[in-house]
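One structure below.
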Amino acid sequence: MLADPDMAGARGPALEAGLPLANFAAALGAARLEATPESVHALRSHAAKFEARLWLCGRRALRDDLRSLRRACSALRDLDACPPRGVAADELRARRAEHAKEFAKALANRDLDALCAGLAFVPDVELSAALARLAALERRFAREGRAAWREEDPEALHALRRRARRIRDAREWLGLDAARFARAHVALGRWHDLVAAGELDAAIVTDALRDAKAAWRAAAKAADAAGGPA
């Protein structure tokens, strides 16, 4: 864990470091113009990354707006990323068209333009505070993961995937090693996508679940050993 006494009062990176707000506004504009798989994914990715950064900054209001935006993308993104098996192409197109209507309605909210503007005025976070929040999140990831794996509850494991993504995004923003949490995020995501798509080969699902557990265990062990960000 970073515990340099000279770090007192140090500021963290700018909110848009490596992720220009202009790109976020452009992603929103592109998704409003056409809800392609690429534009939906780009918008959700921007929203998730900024949400993680605001969480480290201790900012709630804009974070709630970003969470709502991310959720507005979810139905389309999930359908594009893992279309359910055994569903005819015509039916998939019809489902996507319905989701696209709801997505367009959500993006028509002009408050989203204010959100883009508001992000520009978020002050830099105090680095020690950001690291403390990250340490707490990693401990929670390890603790809740142990409970989730005991039952192998799909909802709890899906929540674990989201937490791994937030830690990954937060670590990347702060310039910390994010590899272990990236592997956990990807492995949990692969398992979830197989389940959501209705994969019929039990061996494939079992292997993905085993890989996800191993990746989680490696990340959780590092978090427990370090007592926070390493």
Any side-chain donor near an acceptor of the partner, T36 and E34, under 3.5 Å
no
If you define the side chain from C-beta out and look only at heavy atoms, does anything of K221 sit under 4.5 Å from R180?
no
Applying side-chain contact (heavy atoms from CB on, under 4.5 Å) to K105 and K101, what does each step give before you reach the verdict?
CA-CA 6 Å; K105 187 184 301 182; K101 287 180 183 178; over 6 Å; no
Between the CG atom in L134 and the CZ atom in R166, the distance rounded to the nearest 0.5 Å is 11.0 Å
Checking salt bridge (Lys or Arg N to Asp or Glu O under 4.0 Å) against D224, which of R146, R140, R143 comes through?
R146
Once rounded to the nearest 0.5 Å, what's the spacing between atom CG of L188 and atom CZ of R161?
8.0 Å
Would you say that I204 contacts R190 through its side chain, given a criterion of any heavy-atom pair below 4.5 Å between the two side chains?
yes
Using modelled atom types and a 3.5 Å cut-off, is there a donor and acceptor pairing between side-chain atoms of R32 and backbone atoms of L107?
yes
Return the CG to CG distance between L115 and D64, rounded to the nearest 0.5 Å.
11.0 Å
Give a yes or no answer on whether the side chain of H158 reaches the backbone of P154 with a donor-acceptor pair at less than 3.5 Å.
no
Is a side-chain N or O of R44 found less than 3.5 angstrom from the main chain of C73, in a donor-acceptor match?
no
Considering non-hydrogen atoms only, spot the tightest contact between L157 and A148 and give its length.
CD2-CB, 3.8 Å
Report whether W191 and V186 are members of the same hydrophobic cluster (ILVMFWY, side-chain heavy atoms less than 4.5 Å apart, transitive linking).
no
Closest approach of A184 and A219, non-hydrogen atoms and distance?
CB-CB, 4.5 Å
Shortest non-hydrogen contact from C116 to A25?
SG-CA, 4.2 Å
Atom CZ of R67 and atom CG of L69: how far apart are they, to the nearest 0.5 Å?
12.0 Å
Within a strict 4.5 Å, meaning less than it, do heavy atoms of the L92 and P84 side chains meet?
yes
Interatomic distance, OG@S68 vs CG@L112, rounded to 0.5 Å, equals 9.0 Å
Do side-chain atoms of R168 reach the backbone of F181 as a donor and acceptor pair under 3.5 angstrom?
no
Between D201 and R85, does any NZ, NE, NH1 or NH2 come within less than 4.0 Å of an OD or OE carboxylate oxygen?
no
Does the pair L15 and V125 meet the rule for a side-chain contact (heavy atoms from CB on, under 4.5 Å), with working shown?
CA-CA 8 Å; L15 188 71; V125 65; over 6 Å; no
Is there a side-chain contact between R163 and L137 in this structure, where contact means two heavy atoms from C-beta onward sitting under 4.5 Å apart?
yes
Assess whether a salt bridge exists between E16 and R53, defined as any Lys/Arg side-chain N lying under 4.0 Å from an Asp/Glu carboxylate O.
no
Would you call L76 and P37 a side-chain contact if the rule is heavy atoms closer than 4.5 Å?
no
Should D65 and D111 be marked as a side-chain contact (heavy atoms from CB on, under 4.5 Å) after you check the CA-CA gap, both sets of side-chain angles, and the distance that decides it?
CA-CA 9 Å; D65 293 337; D111 287 346; over 6 Å; no
Stepwise side-chain contact (heavy atoms from CB on, under 4.5 Å) test for L209 and W149:
CA-CA 10 Å; L209 188 63; W149 285 110; 3.5 Å; yes
Common cluster, F141/L174, ILVMFWY with side-chain heavy-atom separation under 4.5 Å:
yes
Counting N and O atoms only, with roles assigned by atom type, does the side chain of W173 sit under 3.5 Å from a partner on the main chain of A14, one being a donor and the other an acceptor?
yes
For F50 and F24, take the angle between the two ring planes, folded into 0 to 90°, and tell me which bin it lands in: parallel under 30, tilted 30 to 60, perpendicular over 60.
tilted
Polar side-chain atom of S45 near backbone of H41 as donor-acceptor pair, under 3.5 Å
no
Check R171 with E138, please: is the shortest side-chain N to carboxylate O separation under 4.0 Å?
yes
Between R95 and E98 (salt bridge meaning N to carboxylate O under 4.0 Å), is one present in this structure?
no
Treat each ILVMFWY residue as a node, draw an edge where side-chain heavy atoms are under 4.5 Å apart, and state whether L66 and L21 are in one component.
yes
Is a donor on one side and an acceptor on the other found under 3.5 Å between the side chain of R59 and the backbone of L119?
no
Any chance you could measure D80, atom CG, to R96, atom CZ, to the nearest 0.5 Å?
4.0 Å
Can L43 be reached from L19 by stepping across I, L, V, M, F, W or Y side chains whose heavy atoms are under 4.5 Å apart?
yes
